[in-house]
Amino acid sequence: MINFELTDIYAGYNNETILSGINLIIEDGIFVIMGPSGSGKSTLLKLLNRLINPTSGRIKYKNKPITDYPIRELRRKVGMVFQKPVLFEGTVDKNIRIANKNITDDESEELLKQVALTNDYIDRSDQQLSVGEAQRVCLARTLSTKPEVLLLDEPTSALDPTSTMKIERLLVNISNKISIVWVTHHVEQALRIGGQVAMIFNGKIHWQGITDELMQSEDQIIKKFISGELK
Ligand code: ADP
């Protein structure tokens, strides 16, 4: 099933074009957007829940123009998790309920379970969490609106290696039920999480395929990216 279809997209900020001529189909499952810093990955992600709008071109979500969805409905269906966890002052429970006031105690317990936090976290204050735990609470908060797709913008960049592995594993599990579009500039991470991948370079789609094919690529830019020459 196709989630997003981007046709001839140009986008940028203040008259500066960052993305040009993007044609992309994003299907169910995990879709990785990979590329060096500053290549336009976040800009591409932000188009998918209309944090920004393209200057030209068309975007469809589930076969309907993305602009046909009321913005709040779109952002419920297409949830986003950012690089650094941002929590409101208060308990984990409060933070989870901020996005969806109507969830039951059972549902909030289930959300904690999904992000691999035990029940006793529910009454902890935001001040008593590690960065990795805080990021998992942010994920639970995003999941509370029952999104169809999760947009992840370098969700592990603020985390230590152990928390990174933990959150990667649980996101890969979640991707069985909820599609994920995952922005990363770590080729190792792209290889670990697997799935479809598009490489953005200088605001264009430079390469597209599955992660398994990446290491075999003879493309010079991909080789440089894998070897760490391009960051
Ligand atoms: P990536 O996610 O690949 O690191 P970004 O999409 O964040 O790249 O940024 C691409 C380019 O757009 C960069 O040159 C960056 O400075 C610029 N940019 C990003 N966000 C903004 C903004 N809000 N206003 C102006 N320029 C921006």
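Indexing begins at 1, ligand by ligand and atom by atom, following the structure's order.
If you number the atoms of ligand 1 from 1 as listed, the ones under 4.0 Å from a heavy atom of Lys41 come out as 1 (P), 2 (O), 3 (O), 4 (O), 6 (O), 8 (O).
For the ligand labelled ligand 1, residue Pro36 lies inside the 4.0 Å heavy-atom shell. Residue contacts with ligand 1 do not include Gly35, since none of its heavy atoms lies under 4.0 Å from the ligand.
The distance criterion of under 3.5 Å between nitrogen or oxygen atoms is met by Ser42 with respect to ligand 1. Checking only distances, Ser37 never comes within under 3.5 Å of ligand 1, N or O to N or O.
The closest side-chain donor-acceptor pair between Ser163 and Gln135, if any, does not fall under 3.5 angstrom. Under 3.5 Å, the side chains of Asp106 and Thr104 contain no donor-acceptor pair of N or O atoms. Counting only N and O atoms by type, the side chains of Asn100 and Thr145 include no donor and acceptor under 3.5 Å apart.
Counting protein heavy atoms under 4.0 angstrom from atom 15 (C) of ligand 1 gives zero. Distance remark: protein heavy atom present below 4.0 angstrom from atom 24 (N) of ligand 1.
Proximity of a side-chain donor or acceptor of Lys41 to a complementary backbone N or O of Gly35 within less than 3.5 Å is detected.
Remark: minimum distance from atom 4 (O) of ligand 1 to any protein heavy atom is reached at Gly38 N, 2.7 Å. With respect to atom 8 (O) of ligand 1, the closest heavy atom belonging to the protein is Gly40 N, 3.2 Å. Atom 22 (C) of ligand 1 has as its closest protein heavy atom Tyr13 CD2, 3.5 Å.
At a threshold of 4.0 Å, the pair Asp105-Arg97 counts as salt-bridged, since one of the basic side-chain nitrogens sits closer than that to a carboxylate oxygen. We find that Glu73 and Lys77 are joined by a salt bridge, their nearest charged nitrogen and carboxylate oxygen being less than 4.0 Å apart.
When all heavy atoms of Leu230 and Phe225 are compared, the closest pair comes out as O-CD1, 3.4 Å.
Taking only non-hydrogen atoms, the option from Thr43, Ile18, Leu44 nearest to atom 6 (O) of ligand 1 is Thr43.
Note: Phe201 and His206 have perpendicular aromatic rings, judged against thresholds of 30 and 60 degrees for the angle between ring planes.
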